[in-house]
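The structure appears right after this line, and notes come after that.
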2 protein chains.
Amino acid sequence: MLPESWLEPEKNNAPLIPQLTLDCIILGFHNNQLRVLLLRWKNTQEWSLPGGPIRQNESVNAAAQRILQERTGLDDIFLQQFHVFGEVERYSRAEIQEKLKLIFDPELWYERAVSIGYYALVDYSRVNPTPDAYTDECQWWDIREIPFLLFDHNHIIQVALQALRNQLSWQPIGYNLLPHEFTLPELQKLYETILDRKLDPRNFQRKLLGLGILERLPIRRKGGAHKSPYLYRFDKAKYEAGLKEGNLFFI
Amino acid sequence: MLPESWLEPEKNNAPLIPQLTLDCIILGFHNNQLRVLLLRWKNTQEWSLPGGPIRQNESVNAAAQRILQERTGLDDIFLQQFHVFGEVERYSRAEIQEKLKLIFDPELWYERAVSIGYYALVDYSRVNPTPDAYTDECQWWDIREIPFLLFDHNHIIQVALQALRNQLSWQPIGYNLLPHEFTLPELQKLYETILDRKLDPRNFQRKLLGLGILERLPIRRKGGAHKSPYLYRFDKAKYEAGLKEGNLFFI
DNA sequence: CCAAAAGTGTTGCCTCTACACCCATGC
DNA sequence: GCATGGGTGTAGAGGCAACACTTTTGG
């Protein structure tokens, strides 16, 4: 039975804040799919989000960065607090209780916890998915094919996606989800996936280029069996300046 | 020295979640001023936001409603989670430490806490400001004249106001901040105060009435020394339908 | 009668959307 | 050479901001 060791995690004796955890929705984009990183608990077929408790000597944001670093190998990731899940009985549905009993010792664990939800946007190609001490497997799942998860994690993912769609109006999130160099059709497909609707390519290009934060590179991407698209990258300085002034609307 | 009693609040023995608190920015609108409710600690001149710990048997949202009810006498208030303040050293600035030493016994209290920030929008005229067991006074302050507060509460207020301005684009917040019946000039002044800029009265009326959620009453407000304005009220059904469909933009 | 606030329409600009054809590439 | 996806311009509609005068009221 696992979570007792959360009380003293290996390799770090810093005590933990009790009854407070965080959950991370780590999102990547690959093959025109929005994907989320999930963990499979040891010796079970049960999946859940990465997450865990917060140490007394780290900020909540730092705890989220740490969990992300441990599961993906990446530092300095885009992270966004989006909601606090503070219901008293977050996992009281009978079918969840059944599953939890198989994994956890209720004595040790059935204490209420408040969880802070973060979503992270990462470059899929740079992630090295790594399970933790309690899980056998760490894997990407297409956001449309997520299985029934432990705890209230299916709900948490839905709330995160809604927050992400909202954020898309204020901030070009492709910056975080795509590799440094990408094509406009790739960026458009990312937007279409998140918003779950088709966009007109002419209008899309006009709008995105109009933000003035993309730089067209003097090369094209070869290798597709078709006309080769231009490569672009974000102009970091202009992107950040635009963010500060709140000029990067989309809708 | 006070906060030891937070460990067992009077009139309720439900145990508390340790190291987790919430802070409420309670906002009202009066005399063309946006005002926030602050508390003055017993036998001091030090002010802070209402807030406190969460009980084991209540949800975080319910705790916020409870705190609000206790300070204002109002039930069923518009409340919005807006940020989690999770730094390790939230009150480490020297000038704050000095003040805190005068009020609290450091032995009992200098434990780290994570705080969940809520803002509440209330009808000023219905509020009955009530101090709690640790404070002498509960009073409205003009948002532009807030004194130096305990803890990191000045910072929390700034973050709340920014979140409120964002929310204004998506949701007509006058619904919560004004009495049931109000005039369009009053509503406009509320918007001008929150956004901190002048708006054109013709454009403002067109836009707000265009949302289709206001109902003009067959009476005017008498008593001003000038032309009497029409009274309006929100059409609750249309307001809520519009919210669901996300049609109530402002910007 | 005067001062102060409330109420109201129009115009130009700019932004958004809708829409279709040619081009480049690898096979 | 052909199938596939990439790249591009224009026209119409709708929304937004700028703008000033008349009406009402109490004093």
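Bear in mind that the values here come from a model prediction, so they are computed numbers and not experimental data. Each chain gets a letter, A, B and so on, in the order its sequence line appears, and its residues count up from 1.
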Sequence-distant partners of [X], ring-ring contact (aromatic ring centres under 6.0 Å, His included), two or more places apart:
| X | value |
| --- | --- |
| H155(B) | F85(B) |
| F78(B) | none |
| F182(B) | F234(B) |
| Y118(B) | none |

To the nearest Å, give me how far apart [atom1] ([X]) and [atom2] ([N]) are.
| X | N | atom1 | atom2 | result |
| --- | --- | --- | --- | --- |
| F204(B) | dA6(C) | CZ | C1' | 14 Å |
| F249(A) | dC14(C) | CZ | P | 18 Å |
| N247(A) | dT15(C) | CG | P | 12 Å |
| R220(A) | dA24(C) | CZ | P | 8 Å |

Open item on the list: Any residue in residues 224-232 of chain A with a heavy atom nearer than 4.0 angstrom to DNA chain C? Just list them by number, or reply none.
Closed with: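 G224(A), A225(A), H226(A), K227(A), S228(A) - these, ordered by number, are the residues of the stretch whose heavy atoms sit under 4.0 Å from the strand.
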
Who passes side-chain hydrogen bond (donor to acceptor under 3.5 Å, both in side chains) against [X], sequence neighbours left out?
| X | answer |
| --- | --- |
| D235(A) | none |
| Q33(A) | R35(A), D142(A) |
| K189(B) | none |

Open item on the list: Quick check: W41(B) with W47(B) (ring centres under 6.0 Å apart)?
Closed with: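 Distance test on ring centres: not under 6.0 Å, no.
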
- [ ] Sorted by first residue and then second, give each salt bridge (Lys or Arg N to Asp or Glu O under 4.0 Å) pair with at least one member in residues 152-174 of chain B; sequence neighbours left out.
- [x]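 Only R90(B)-D152(B) qualify under salt bridge (Lys or Arg N to Asp or Glu O under 4.0 Å).
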
- [ ] Scan for salt bridge (Lys or Arg N to Asp or Glu O under 4.0 Å) pairs involving residues 209-223 of chain B, sequence neighbours excluded, and state none if there are none.
- [x]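 As it turns out, the salt bridge (Lys or Arg N to Asp or Glu O under 4.0 Å) pairs with a partner in residues 209-223 of chain B, which skip direct neighbours, are E186(B)-R221(B), E215(B)-R233(B).
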
TODO: Mind checking R216(A) for me? I need base, sugar-phosphate or nothing, with any heavy atom below 4.0 Å counting as a touch.
DONE: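 Answer is sugar-phosphate: R216(A) comes under 4.0 Å of backbone atoms only.
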
Task: Start and end of chain A contact along DNA chain D [non-hydrogen atoms, under 4.0 Å] - done: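 Listing 5' to 3', DNA chain D meets chain A from dT4(D) to dT10(D).
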
Task: Steps toward salt bridge (charged side-chain N to carboxylate O under 4.0 Å, His left out) verdict (E95(A), K99(A)) - done: CA-CA 7 Å; E95(A) 64 270 35; K99(A) 289 181 185 294; over 6 Å; no

Pull out every protein N or O sitting under 3.5 Å from an N or O of nucleotides 16-19 of chain C, one pair per line with the distance.
| unit_1 | atom_1 | unit_2 | atom_2 | d |
| --- | --- | --- | --- | --- |
| dA18(C) | N7 | N203(A) | ND2 | 3.1 |
| dA18(C) | N6 | N203(A) | OD1 | 3.2 |
| dA18(C) | N6 | R206(A) | NH2 | 3.3 |
| dC19(C) | N4 | R202(A) | NE | 3.0 |

Task: Phosphate contact (dT25(C) OP1 or OP2) by K222(A) side-chain N/O below 4.0 Å - done: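 Result: yes.
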
